[in-house]
Amino acid sequence: MPELPEVETVRRGLEPVMHGATIINADQNRPDLRFPFSENFVARIKDCKITDIKRRSKYLIFVLDNDLTIISHLGMSGSFRIVKENSEDQPGDFAHEKSKDGKHDHFVFHLDKNGHRAKVIYNDPRRFGFMLLVPLNELDEHAYFKDLGPEPTGNGVSSEYLAQKLQTKSAPMKSVLLDQRIIAGLGNIYVCEALWRARISPERKASTLVTKGGKPSAKLSSLTTHIHDVIGDAIRAGGSTLNDHIQTDGKMGYFQHQFNAYGQEGERCQHENCKGVIARITQSGRSSFYCPKCQT
DNA sequence: CCTTGAACCTGGGCGC
DNA sequence: TGCGCCCAGGTTCAAG
């Protein structure tokens, strides 16, 4: 389920239970996810304290006090849930989850924080996610991180930055915005939403949003603002679903979020005075949803 | 370099 | 109730 806002939502949900906790044990329930777990995975994290939980793009990074980090990616279907020792893991608590039978609970952290025990359970039906041990001082140069572009939450993604990146690109905007080297953390949903807000067609060639002088066009400046806004809105929407800190699941963030384009095929375009209807097209194997009338 | 398509895997939804 | 088909939030690799 995870694009950047969902991963950030998960991070915030895990933070109060995991930050400062000791991994007193762990269950690795199968040899691999997307690829095999690191050698002696459980032994290398056992008895370590979690000193920080960070996020970069769609990756979670658990920093341990032995100078190792656990890089965790949720793939398409990964989720974490927290079970506190004193509370019961009643099936009813997870009635909305098909995973409640534990069939795809592939990894379990057993934690102790100041005498409070909790389990943090990683569930991933499709197993596109993974966990990997990487020394802290090798993180920045690691293959997963070294080519990543700036986070869309910060001022690294400016209209000038995008103009410079897009001016040589003939590829459609859809694929350029999905390119993690240009912006880190956008996925199919929020690319569709940002393009809808900025009224840019997903098929528009990227370089046509840059002036001959290499400056951002008005539409590109608008897109920059909308990327920041849509990601910010989604993080706020996701965060508000986690106030009980029992269920940590990015799906809830998506679930409560109202989309204007993504998944809205056949619906009226919600832009004021637009009589268009949201269409679905396929671009490089993925669905794009947009309004052909006002997104140009 | 760039772009596309397939692959990884399971499950849900739909039509018949 | 079941079968077959299509679809799904991501990433990576091979091939054109």
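Each chain gets a letter, A, B and so on, in the order its sequence line appears, and its residues count up from 1. Reckoned from all heavy atoms, side chains included, excluding hydrogens, waters and symmetry mates.
- OP1 or OP2 of B/dG11 sits under 4.0 Å from a side-chain N or O of A/K103.
- For the pair A/F145 CZ and C/dT12 P, the interatomic distance rounds to 11 Å; values are reported in whole Å.
- In this structure, of C/dA8, C/dT11, B/dT10, it is B/dT10 that holds the atom nearest to the side chain of A/H104.
- If you take CG of A/L74 and P of B/dC8, they are 22 Å apart, rounded to a whole angstrom.
- Regarding A/K146, its NZ atom lies at a distance of 14 Å from the C1' atom of C/dT12, rounded to whole Å.
- Taking atom P in both B/dG11 and C/dT11, one finds a spacing of 22 Å when rounded to whole Å.
- Hydrophobic clustering (side-chain heavy atoms under 4.5 Å, transitive across Ile, Leu, Val, Met, Phe, Trp, Tyr) keeps A/Y290 apart from A/V176.
- Here the straight-line distance linking atom SG of A/C274 with atom CD1 of A/I278 works out to 7.5 Å at 0.5 Å rounding.
- Taking atom CG on A/L186 and atom C1' on C/dT11, their separation rounds to 15 Å, with Å as the unit.
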Before you tell me yes or no, could you show the steps for A/W196 and A/H271 under ring-ring contact (aromatic ring centres under 6.0 Å, His included), namely the whole-Å CA-CA distance, both residues' side-chain angles and the distance that decides it to 0.1 Å?
CA-CA 9 Å; A/W196 178 84; A/H271 272 131; 3.8 Å; yes
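- Atom CG in A/D147 sits roughly 14 Å away from atom P in C/dT11 (whole-Å rounding).
- The base-pairing partner of C/dG2, taking Watson-Crick or G-U wobble contacts with both distances under 3.5 Å, is B/dC16.
- Atom CG in A/L166 sits roughly 15 Å away from atom C1' in B/dC2 (whole-Å rounding).
- With hydrogens and angles left out, the side chain of A/R127 and the base of B/dC9 share no donor-acceptor pair within 3.5 Å.
- Using bins of under 30°, 30° to 60° and over 60° for the plane-to-plane angle, the ring pair A/F130/A/Y59 lands in the tilted bin.
- A/F109 and A/F62 have tilted rings, their planes meeting at an angle from 30° to 60° on a 0 to 90° scale.
- Each of A/S175 and A/R126 was assigned the nucleotide of DNA chain B with the nearest heavy atom; the assignment lying further toward the 5' end belongs to A/S175.
- Atom P of B/dA6 sits at a distance of 13 Å from the matching atom of C/dC6, rounded to the whole Å.
- Between A/S284 and A/K169, it is A/K169 whose nearest contact on DNA chain B lies nearer the 5' terminus.
- A donor-acceptor contact under 3.5 Å links the side chain of A/R286 to the base of C/dG10.
- For the pair A/Q180 CD and C/dG10 C1', the interatomic distance rounds to 8 Å; values are reported in whole Å.
- Distance CD1 (A/I71) to C1' (C/dG10): 16 Å, rounded to an integer number of Å.
- Across all strands, A/Y144 comes closer than 4.0 Å only to sugar-phosphate atoms, never to a base (heavy-atom distances).
- Across all strands, A/S287 comes closer than 4.0 Å only to sugar-phosphate atoms, never to a base (heavy-atom distances).
- Aromatic stacking is not marked for A/F128 over B/dC9, as the cut-offs of 5.5 Å for the centres and 30° for the planes do not both hold.
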